[in-house]
Amino acid sequence: MTSERIYVGSYTSQAGGGDGIAFGPLDGLKTVATVADASFLIRSADGRFLYAADEEDEGRVTALAIQPDGRLELLNDQPTGGAHPCHVDIDPSGRFLLSANYSSGSVAVHPINADGSLGERAALIQREGTGPNQDRQSGPHAHQVTFDQAGAYVFDVDLGTDTVYSSTLTVDGQLTEVDRLHIHPGAGPRHLVFHPMAIAAYVINELDSTLTVCSYLDGKLQIVQTVSTRPADSPGENYPAELLISADGRFLYGSNRGDDTIAVFQVAPNGLSVELVQTISSGGKWPRHLALSLEEPTLYAANEQSDQIAVFSIDDGRLTAQDNTVSWPKPVCILPI
């Protein structure tokens, strides 16, 4: 059993849900903050503060101070101005928290005060448009907001409009659009990661189980390859969720909800093509989130619907399931520290 300490965000409003945010080693998790539907977590660069997306109808973001023993002290929260925020990121200067409001399809920007608390919203960018999937793309659905390796550009990934928006963030917290990448219609882009050498980016698409490979330069993405996240002729419905890249840029890890697997892709040396080299059971049902250990070659999988966190060892990129799966209610985000 790994001794690494992690934070775990859980859905609280679901039947059998958790109480908020947990902390501890995997075999000793305890609730350390009561936060409603804490679906995504991020820690400040100096390690002093933690921020959570409160995925509620009237969305909020919560700021918490990390105590020496890992407990969390509530600082404050702020409304995002949208519905069901599902992702947050901190700009490289540490001055702003950005959040993606899924249901309303908008991106909010909040200033971060010197004491770690959040100021009133500085900006709210509302996306527009639809996609061909009538059930899931009747309007915009922002699913992620993230920065490139250099921190020069910010990207918001919109599942509802099959679009990845590229912007710059001004000193007063406004987003200025630079470019748009249009993924193929009906893809439903969900999450994006950058190659550590900033030569490429990869987008996992929820609605058609594909991975889009893009070249990258100066805030602009260009599609060079599209591959499936599943073996050929896989049966049934499937909805990819999280996407990770190894520190050396050689492997990508994507979660398949439905197949309940983790897909492993090997990345070409130039970063511009990938190959699906492994799929392995996620160790539970509906793997919403994945996280890489900061201490050892290990991957965590948060299996939302089976209330399980599974652990995998990594050897030359490939995954091997470990025997230390832990039960925890509705885990949807894992943050190793």
Side-chain angles (χ1 to χ4, degrees), residues 39-40 53 55-57 59 80-89 98-108 124-146 153-167 175 177-194 200-216 219-230 234-243 252 254-259 263 265 274 286-289 304 332:
S39 65
F40 202 85
E55 194 173 332
E56 300 182 289
D57 294 344
T80 63
H84 304 115
C86 59
H87 194 270
V88 290
D89 202 2
L98 287 76
S99 55
N101 292 306
Y102 175 78
S103 294
S104 52
S106 59
V107 176
L124 182 67
I125 297 85
Q126 178 63 55
R127 300 306 184 191
E128 304 290 344
T130 60
N133 187 319
Q134 295 184 2
D135 291 335
R136 298 291 307 279
Q137 295 183 310
S138 60
H141 293 304
H143 221 306
Q144 183 197 32
V145 57
T146 190
Y153 298 92
V154 58
F155 295 79
D156 58 286
V157 182
D158 196 287
L159 180 148
T161 64
D162 295 316
T163 303
V164 179
Y165 298 88
S166 170
S167 307
L175 291 181
E177 187 172 318
V178 171
D179 198 29
R180 297 183 183 186
L181 173 70
H182 297 288
I183 308 290
H184 57 274
R190 179 181 172 106
H191 276 193
L192 172 153
V193 296
F194 283 91
Y202 313 90
V203 183
I204 199 164
N205 301 307
E206 179 176 337
L207 300 184
D208 71 351
S209 299
T210 57
L211 179 76
T212 300
V213 181
C214 303
S215 61
Y216 180 61
K220 296 183 179 181
L221 299 164
Q222 185 173 345
I223 295 172
V224 296
Q225 184 191 24
T226 301
V227 299
S228 178
T229 66
R230 318 168 74 188
S234 295
E237 295 183 338
N238 184 65
Y239 304 96
E242 185 57 286
L243 184 65
L252 289 162
S255 65
N256 284 311
R257 298 175 302 175
D259 291 354
F265 299 88
V274 302
W286 214 249
R288 179 180 171 98
H289 192 247
E304 175 189 345
V332 289

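For clarity, every value in this text was computed on a predicted model and none was experimentally measured. Values below: every heavy atom of this structure, side chains too, minus hydrogens, waters and symmetry copies.
Proximity of a side-chain donor or acceptor of Thr163 to a complementary backbone N or O of Thr161 within less than 3.5 Å is detected. The backbone N or O of Tyr165 sits nowhere less than 3.5 Å from a side-chain atom of Asp179 that would complete a donor-acceptor pair. When atom types are taken as modelled, the side chain of Asn133 and the backbone of Gly186 share no donor-acceptor pair closer than 3.5 angstrom.
The existence of a salt bridge linking Glu55 and Arg288 is confirmed by a sub-4.0 Å separation between a basic side-chain nitrogen and an acidic carboxylate oxygen. Residues Glu128 and Arg180 are not paired through a salt bridge, judged by the lack of any N-O separation under 4.0 Å between the basic side chain and the carboxylate. Between Glu206 and Arg136 there is a salt bridge, since at least one side-chain N of the basic residue sits less than 4.0 Å from a carboxylate O of the acidic one.
Under the 4.5 Å side-chain criterion, counting only non-hydrogen atoms from C-beta, Thr210 is not in contact with Val227. Between Pro287 and Asn256 there is no side-chain heavy-atom pair separated by less than 4.5 Å. With a 4.5 Å cut-off on side-chain heavy atoms, Leu211 and Leu243 count as touching. Side chains of Tyr202 and Phe265 form no contact here, defined as non-hydrogen atoms less than 4.5 Å apart. Proximity of Phe40 to His289: side-chain heavy atoms (C-beta onward) are separated by under 4.5 Å at one or more points. By the 4.5 Å heavy-atom criterion applied to side chains, Pro140 and Gln126 are counted as neighbours.
In this structure, His143 and His191 have perpendicular ring planes: the angle between them is above 60°, well past the 30° mark.
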